[in-house]
Amino acid sequence: MQVLPIHSGATTKECQPHGKLIVLTGPSGVGKGTLMQTLLQRHPELYYSVSLTTRSPRPGETNGKNYYFISRSKFEQLVAQGEFLEWAEFAGNYYGTPRATVLDHIQSGKLVMLEIELEGARQIRASFPSALSIFILPPTFSELEKRIRGRGQDSEESIVRRLHRAQTEIEAADEFDIQIVNNDFETAVKEIEAVLFG
Ligand SMILES: Nc1nc2c(ncn2[C@@H]2O[C@H](COP(=O)(O)OP(=O)(O)O)[C@@H](O)[C@H]2O)c(=O)[nH]1
Ligand SMILES: Nc1ncnc2c1ncn2[C@@H]1O[C@H](COP(=O)(O)OP(=O)(O)O)[C@@H](O)[C@H]1O
């Protein structure tokens with residue numbers, strides 16, 4: 001009689017490849033979006049989680065690519081339904097990370113990238129301790145202001161709110177796993193690549 005082997009140890013679920021959650025945070029204008037774009041171009045295997053926001057699209061922004069642009073009432077409904085992994089209000093608008101798509105992609109073995117502000121990054125640290133968080137710092141505060149103004153896409157009111165918030169955000173840099181100064185752009189990309197890919 002043939003005896004069937006008894007399997008112990010890992011379940012089927014545990015045998016599946018597991019991805020990782022990577023959080024990129026830092027003040028507005030520091031270069032997070034530009035760094036992320038470059039990383040995605042160079043590493044198409046990364047999965048970028050497109051957030052939902054109540055902010056209006058900037059010229060050139062596309063629904064579903066940069067953000068999903070939705071109304072405040074829709075956003076609040078999704079919050080009530082528990083659809084966000086994290087969410088926060090920033091400079092008068094809501095921003096949030098869709099829970100289901102992110103968890104699905106981690107489960108399927110992807111490196112999932114979030115580009116989010118401080119409060120959301122703190123929520124991820126609390127609810128997802130295995131996530132790796134990277135804080136992007138400007139070389140100086142005046143360079144940060146130069147970048148936000150140079151981008152030329154925000155109203156004066158919005159710029160002032162972002163700069164005010166930036167001071168608090170920069171003070172929180174040490175809460176995160178890794179700090180990278182985005183002074184020379186290419187150096188900063190290489191430093192993030194070293195963190196992601198060893
Ligand atoms: N908490 C949270 N913050 C987000 C999310 N998506 C974007 N943000 C952050 O919200 C802030 C404002 O984003 P945005 O209006 O696009 O302005 P920008 O970062 O100055 O270009 C930035 O710090 C983003 O990183 C999200 O899903 N959750
Ligand atoms: N290392 C850098 N040196 C100079 N300018 C930069 C650098 N990184 C990004 N920038 C510029 O700074 C501005 C803000 O960058 P952006 O990616 O929109 O920031 P964030 O997404 O953090 O708000 C953009 O005009 C971008 O081209």
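Both counts, for ligands and for their atoms, begin at 1 and track the order of listing.
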- Give yes or no for whether the N/O distance cutoff of 3.5 Å, strictly under, is met between R151 and ligand 2. yes
- Give yes if a backbone or side-chain nitrogen or oxygen of G150 is under 3.5 Å from a nitrogen or oxygen of ligand 2, and no if not. no
Per-atom contacts, ligand 1 versus [X] - under 4.0 Å to a heavy atom:
X	result
R151	18 (P), 20 (O), 21 (O)
G120	1 (N)
R55	14 (P), 15 (O), 16 (O)

- Query: Where on E86 is there a heavy atom closer than 4.0 Å to ligand 1, on the side chain, on the backbone, on both, or on neither?
  - Reply: side chain
- Query: Is there a heavy atom of I136 sitting under 4.0 angstrom from any atom of ligand 2?
  - Reply: no
- Message: Below 4.0 Å from ligand 2: does a non-hydrogen atom of P27 turn up there or not?
- Response: yes
Less than 4.0 Å is my threshold; does some heavy atom of [X] fall inside it relative to ligand 1?
X	result
F84	no
E169	no
E115	yes
G96	yes
Q123	no

- Pairs in or reaching into residues 120-131: which pass side chain to side chain donor-acceptor pair (under 3.5 Å), with residues at least two apart or in two chains? E119-R122, R122-E175, R125-S133, R125-D177
- Query: Would you say W87 has any N or O atom under 3.5 Å from an N or O of ligand 1, going by distance alone?
  - Reply: no
- Query: Are any of the N/O atoms in G29 less than 3.5 Å from those in ligand 1?
  - Reply: no
- Task: Could you check which of A88, S158, A121, S51 puts a non-hydrogen atom nearest to atom 6 (N) of ligand 1?
- Result: S51
- Message: If you take the nearest heavy atom of each of Y94, Y67, F90, which one is closest to atom 13 (O) of ligand 1?
- Response: Y67
- Looking at atom 3 (N) of ligand 1, what's its closest protein heavy atom, distance included? E117 N, 3.1 Å
- Message: Can you confirm whether or not the ring centre of F75 sits under 6.0 Å from the ring centre of Y95?
- Response: no
- Between OG1 of T97 and CD1 of I124, what distance do you get to the nearest 0.5 Å? 5.5 Å
- Query: If you measure only the distance, is there a donor-acceptor pair under 3.5 Å linking the side chains of T54 and N93?
  - Reply: yes
